[in-house]
Every structure is written in structure tokens, then in C-alpha cells.
Amino acid sequence: MRPRTIAVLLVVAAVAVVALLAGRPGGFRLAEPTPGAPSNQPSPANPAPTTNTSAQHKASAHSRITPSEPPLHTRDGCVKCHTGPGFVKQTSKAAEVSAQAIGCNDCHDFGGNKEGKLRIVGKATLPNNKAVEAGTAATCITCHNSRRNIDDPATLKEASAPHYAPQSELLLGTNAFEYPGTRYTNSVHTALADSCVTCHMAAAPGNPADAGGHSMRMKTKDGKENLNACRPCHPDLKSFDRTAYGDYDGDGTLEGVQTEVHGLLEKLEPEIARLAGAVKIGHAKGKIQFLDQAGKPVTTSDPKALQAAWNWLLVELDKSRGIHNPAYAVQVLQSTYKAVTGKDVPGAALR
Ligand code: HEC
Ligand code: HEC
Ligand code: HEC
Ligand code: HEC
Ligand code: HEC
């Protein structure tokens with residue numbers, strides 16, 4: 001069997017096992033920990049997170065308005081996600097909001113009920129109009145997206161770049177420029193119940209303020225990974241950079257998924273930039289911007305260069321280096337390489 005076939009079979013088998021364990025069709029959140037497996041349930045080594053909510057929230061970037069000039073709370077179009085009041089009102093108009101970051105009563109509605117139910121649960125709609133059932137993660141998806149639709153002709157015409165937060169698109173495997181003739185698939189993470197919340201709000205070992213729970217951070221500020229987020233399903237995992245199912249970047253070594261995806265990003269960048277007579281891909285003021293050797297901006301209206309740069313930025317700005325959806329991230333990068341150079345990534349295991 002080819003390695004790819006083996007990988008696919010492994011995935012299918014594991015999905016079946018997890019689905020059985022979880023006992024919930026369409027979702028993979030493990031309601032009960034697997035006997036004997038480490039879990040993210042409270043225990044003496046890993047106490048309940050309840051006392052830490054405020055400290056965790058304070059440690060997260062949600063508790064500040066993203067620094068920018070002019071300030072984001074004064075700017076139409078930005079306040080819906082960069083201020084709490086803008087999110088509550090779902091308004092783009094700066095005049096309707098005050099300068100407040102994202103607080104408890106913005107994601108939750110504590111008005112009149114102590115439970116503080118989330119304001120947005122269930123269905124969320126992505127910028128390309130794809131609708132998903134995302135449970136509690138509908139809250140996250142409403143803000144963490146690319147803000148633009150690659151299928152809208154205006155996106156390429158105006159050289160628009162994906163916004164800094166395309167995590168939802170990566171996780172759900174959509175809104176890349178998909179080349180005709182390529183079959184795009186998703187890894188299992190796409191189907192996790194409560195999606196983002198399952199990993200980003202899992203209690204971290206030792207219950208630090210700056211990882212897990214309401215910090216929503218996967219790492220402490222000094223770089224320690226919250227592996228409790230993964231271990232209910234991957235009991236032996238030692239690092240987020242889990243050994244990949246193939247040498248996706250073709251460097252001759254089988255590395256972790258994050259290292260493979262990083263390798264692909266590095267290999268692809270100069271190939272795309274070359275189409276525009278440049279050496280690097282950047283973005284500024286919401287537009288794709290290529291850079292030459294001296295760091296000077298180079299503009300192009302070549303759709304092939306812009307489609308490829310959109311894809312590159314989508315994976316780069318996602319920041320998980322593939323973990324959100326290894327299959328889609330790798331396929332998007334490998335198919336973009338082929339479209340740009342006319343050949344497959346040399347020596348690589350293709351997905
Ligand atoms: C109202 C919009 C909004 C919602 C809702 C939201 N986020 Fe964010 N999130 C942001 C913004 C804006 C930033 C970046 C702030 C900055 O860098 O100044 C951010 C940053 C983050 C970060 C980086 C954290 C850090 O401290 O560096 C993570 C991780 C994250 N969000 C995860 C989530 C998850 C998971 C959810 C759902 C439970 C969520 N977010 C809901 C707007 C939102
Ligand atoms: C649909 C929601 C949404 C809208 C609207 C939005 N942003 Fe963001 N933005 C985010 C999220 C979420 C992040 C955090 C991404 C992350 O941490 O990965 C972010 C990050 C940023 C960052 C990067 C912060 C950093 O430290 O890396 C800048 C700058 C920014 N936004 C500027 C803007 C501007 C300017 C506007 C208005 C023109 C705007 N945003 C509108 C959701 C949004
Ligand atoms: C960015 C959005 C966001 C912000 C801001 C936020 N929460 Fe939450 N909160 C959530 C989500 C998502 C859950 C998980 C819901 C679930 O699992 O059903 C949650 C869960 C909770 C719970 C249930 C128990 C638990 O900890 O899982 C409580 C209580 C709570 N939040 C209180 C607060 C308080 C107090 C603050 C402010 C310090 C706050 N939240 C800020 C999104 C948010
Ligand atoms: C399978 C677990 C998992 C799921 C599900 C998941 N994430 Fe992540 N996320 C990660 C990991 C792991 C990283 C990378 C951490 C690292 O290496 O720094 C990450 C990185 C991020 C970052 C960048 C954090 C930073 O430090 O700048 C943001 C923002 C983010 N995720 C938001 C989301 C959102 C929004 C969702 C849901 C649409 C989501 N994630 C779903 C595991 C997950
Ligand atoms: C609720 C269950 C669950 C959680 C939580 C979870 N995963 Fe997974 N993950 C799976 C399943 C099921 C698969 C498919 C079988 C396999 O590859 O082991 C998978 C696959 C993967 C793959 C390979 C995907 C591919 O297609 O190449 C990586 C890498 C991975 N997970 C990393 C992580 C990391 C890192 C975390 C924690 C941040 C995490 N997972 C959290 C269930 C989960």
C-alpha cells in the first residue's frame with residue numbers, strides 16, 4: 001500500500017474508535033474520559049479551573065483593544081470584533097460603541113441570569129456564506145475569520161488579503177482558492193464538537209492563568225504547550241508538533257506536522273513572489289503586497305499571483321501551522337505550489 005493509503009486507513013480507523021468512545025454522532029468531544037487515559041477533567045494534579053476565570057481572561061489578548069493607529073474603537077468596520085460593545089450590537093459603526101475590550105458580558109449575557117449564557121451559539125456563517133453548526137464555538141467563529149470571500153471577484157480585483165484571523169476557515173476547510181482538478185479533504189479536527197472551545201479552553205496542567213480556560217491560549221507566555229487539550233484523544237502526545245503522516249515539504253526528513261507545514265510555507269513563498277517580480281509576500285491595509293529584495297512594495301494585478309498569495313497568507317495567518325486542519329493546510333499549499341511552478345513539490349509525500 002502507498003503511505004497515503006495507509007494514512008487514510010489509520011485516520012478512518014481512529015475516527016471510528018473516537019466516534020464509538022464519544023458515542024455522539026457528528027461530534028468527537030469525549031464526554032467521559034477513556035479509562036486509564038490522562039484527561040483534562042479536574043483531578044488533584046489538575047484542579048478545577050473555576051477560580052481562575054478572571055485572571056485567565058485578563059491574560060488573554062481579548063482583554064485589550066488591539067493596539068493600532070488610529071485606534072480600532074474609532075474605526076468603522078473594525079469595532080464589531082475589536083470591541084465588546086461592537087460585538088454585542090453586531091455593528092460596524094464606531095459611533096455606536098465605547099472604547100471597551102471584549103469582556104465577560106460581551107461573549108456572555110449575564111443580564112438577569114447568573115448562568116451567563118453565550119450570546120452566539122449553534123449556527124455561524126463564514127465570509128464565503130458557508131454556514132456551520134459549531135456549538136459554543138459559534139462565538140469564536142463570528143470574530144476569528146478572514147473577513148473576505150475568495151469566490152467574490154472583487155477580492156482578487158482589489159488584491160484583498162485575508163484578515164489576520166482565518167482560523168475558522170482553516171479548521172473548517174474552506175475559503176482557500178481551490179484549483180480545479182484537486183481534491184481537497186479535511187482532517188478529523190474539522191468535526192470536533194465545540195470546535196475551538198475543545199482545545200483552546202481545556203484546563204492546562206497546574207491551572208496557570210496564561211494558558212487554557214478563559215485565557216484561550218494554547219501556550220503559557222513562556223512557551224509551555226497545553227497538551228491537556230490534546231491528550232483526551234492523543235494520550236501519548238509529547239508536543240503539538242506531532243509526527244506527520246508524510247514528508248510534505250520534501251526535505252527528505254519526516255518531521256512534525258507544524259515543521260512540515262512551516263517547510264512548505266518557506267518553499268512556496270519565493271515561487272509565488274517571483275510571479276510578481278518580488279521575493280516576499282506581505283499584506284498591508286487589507287491588501288496583498290509583494291516585497292522586493294530591498295523590502296519595497298511591488299504591486300501586481302496578475303490573478304495567478306494573487307490567488308496563490310491568498311492561499312499562502314491564509315495558512316500563514318492561521319498561526320497553528322497546520323494543526324487546525326493538517327489535510328487542508330497541506331493540500332492547499334501543495335496544490336498552490338503545483339499551480340505556480342507547474343510541478344509537484346519535489347520529493348514530497350503528496351496529500
Ligand atoms: C468579539 C470578537 C472575538 C471573539 C468572540 C473571540 N475572539 Fe479571540 N480574539 C479576538 C481579537 C480581536 C484578538 C486579538 C487581540 C489582539 O491581539 O490585540 C483575539 C485573540 C485570540 C487569541 C490569541 C490569544 C492571545 O492572548 O495571544 C486566541 C487563542 C483566541 N482569540 C481564541 C478565541 C476563541 C477560542 C474564542 C471563542 C471561545 C474567541 N477567541 C472569541 C476577537 C475575538
Ligand atoms: C470579523 C471580525 C474582525 C473584524 C471586522 C476586524 N478584525 Fe482585526 N482581527 C480579528 C481577530 C479575531 C484578530 C486576532 C487574530 C489572531 O490573534 O490570530 C484580529 C487581528 C487584527 C490585527 C493584528 C493584531 C496583532 O497583534 O497581530 C490588526 C492590526 C487588525 N486586526 C486590524 C483590524 C482593522 C484595522 C479592522 C477594520 C478595518 C479590523 N481589524 C476588523 C477580527 C476582526
Ligand atoms: C471570548 C468570549 C468569552 C469571554 C470574553 C468570556 N467567556 Fe466565559 N465562556 C466562554 C465560552 C465559549 C465558554 C464555554 C461554554 C461551554 O463550555 O458551554 C465559557 C464558559 C464560562 C463559564 C462556565 C464554566 C467554565 O468556566 O467553563 C463561566 C462561569 C464563564 N464563562 C464566566 C466568564 C467570566 C466571569 C468572564 C469574564 C472574566 C468570561 N466568562 C469571559 C466565552 C467567553
Ligand atoms: C485540535 C485543537 C484545536 C482546535 C479545534 C482549534 N485550535 Fe486554534 N490552535 C491550536 C494549536 C495547537 C495552535 C498552535 C499553538 C502554537 O503552536 O503556538 C492554535 C493556534 C491558534 C491561534 C493562534 C494563537 C496565537 O498564539 O497567536 C488562534 C488565534 C486560534 N488557534 C484560534 C482558534 C479558533 C478560532 C478555533 C476554532 C475555529 C481554533 N483555534 C480551533 C489548537 C486548536
Ligand atoms: C476530541 C478529540 C481530539 C482532540 C482534543 C485533538 N485531536 Fe488531533 N485528532 C483526533 C482524531 C480522531 C484524529 C485522526 C486520527 C489520528 O490521526 O490520530 C486526529 C488527528 C490529528 C493529527 C493528524 C491529522 C492529519 O490528518 O494529518 C494531528 C497532527 C493532531 N490530531 C494533533 C492534535 C493536537 C496537537 C491536539 C491538541 C492541541 C489535538 N490533535 C487534539 C482527535 C482529537
Side-chain angles (χ1 to χ4, degrees), residues 7-8 10-19 21-22 27-30 40 48-50 52-58 60-63 84 87 101-108 110 114-121 124 132 134-145 164-172 185-203 213-214 216-219 223 225-234 237 239-246 248 256-258 260 317-330 351:
V8 168
L10 274 174
V11 170
V12 170
V15 171
V17 169
V18 173
L21 286 173
F28 292 95
R29 184 162 67 164
L30 296 179
N40 60 1
T50 44
N52 242 0
T53 306
S54 300
Q56 286 171 334
H57 173 252
K58 204 158 163 244
S60 113
H62 292 141
S63 65
F87 178 71
I102 306 156
C104 314
N105 204 35
D106 299 326
C107 290
H108 298 275
F110 286 101
K114 286 204 185 100
E115 282 163 32
K117 68 177 170 48
L118 292 168
R119 291 177 191 273
I120 300 181
V121 191
V132 289
T136 52
T139 296
C140 323
I141 293 171
T142 304
C143 290
H144 282 264
N145 61 66
Y164 295 83
Q167 289 91 15
S168 301
E169 279 99 328
L170 255 293
L171 192 88
L172 298 162
T185 58
N186 295 311
S187 296
V188 171
H189 294 169
T190 299
L192 299 187
D194 295 325
S195 177
C196 327
V197 172
T198 300
C199 292
H200 282 268
M201 295 185 74
H214 275 79
M216 301 193 186
R217 296 168 48 86
M218 297 299 299
K219 283 179 179 166
E225 296 181 339
N226 177 14
L227 290 166
N228 278 10
C230 323
R231 284 185 176 154
C233 306
H234 305 294
L237 201 69
S239 147
F240 292 158
D241 199 11
R242 182 187 195 233
T243 307
Y245 287 132
Y248 302 131
V257 167
Q258 292 186 308
E260 295 287 351
L317 295 174
D318 166 73
K319 300 192 197 81
S320 77
R321 286 182 294 148
I323 293 301
H324 289 148
N325 187 348
Y328 195 69
V330 169
R351 238 186 125 148

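Whatever order the structure lists ligands and atoms in, that order sets their numbers, starting from 1. Everything quoted here is computed from the prediction, not taken from an experiment. Sequential numbering from 1 along the given sequence is applied to the chain's residues.
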Given Asn226, Val188, Asn325, identify the one with the heavy atom nearest to atom 11 (C) of ligand 5. Val188
State whether His324 contributes an N/O/S atom found under 2.8 Å from atom 8 (Fe) of ligand 4. yes
What orientation do His62 and His144 show, parallel under 30°, tilted 30 to 60°, or perpendicular over 60°? perpendicular
Can you tell me if, anywhere in His200, an N/O/S atom lies at a distance from atom 8 (Fe) of ligand 4 that is smaller than 2.8 Å? yes
Check whether any N or O atom of Ser168, backbone or side chain, sits under 3.5 Å from an N or O atom of ligand 4, and answer yes or no. no
Are any of the N/O atoms on Thr53, whether in the backbone or the side chain, positioned under 3.5 angstrom from an N/O atom of ligand 3? no
Judged by heavy atoms only, the candidate from Gln56, His214, Met216 nearest atom 28 (C) of ligand 3 is His214
My understanding is that we take every heavy atom of each candidate and find the minimum distance to atom 3 (C) of ligand 5. Doing that for Ala193, Ala202, Gly322, Cys233, which one comes out nearest? Cys233
Compute the shortest N/O to N/O distance between Asp318 and ligand 4 and return yes if it is under 3.5 Å, no if not. no
Which is it for Asp106 and ligand 3 at heavy atoms under 4.0 Å: side chain, backbone, both or neither? neither
Ligand-residue contact atoms, ligand 5 with Val257, heavy atoms, under 4.0 Å: 29 (C)
Shortest reach to atom 10 (C) of ligand 3 by a heavy atom, considering only His57, His108, Arg119: His108
Under a 4.0 Å heavy-atom limit, does Cys230 contact ligand 5 with its side chain, its backbone, both, or neither? both
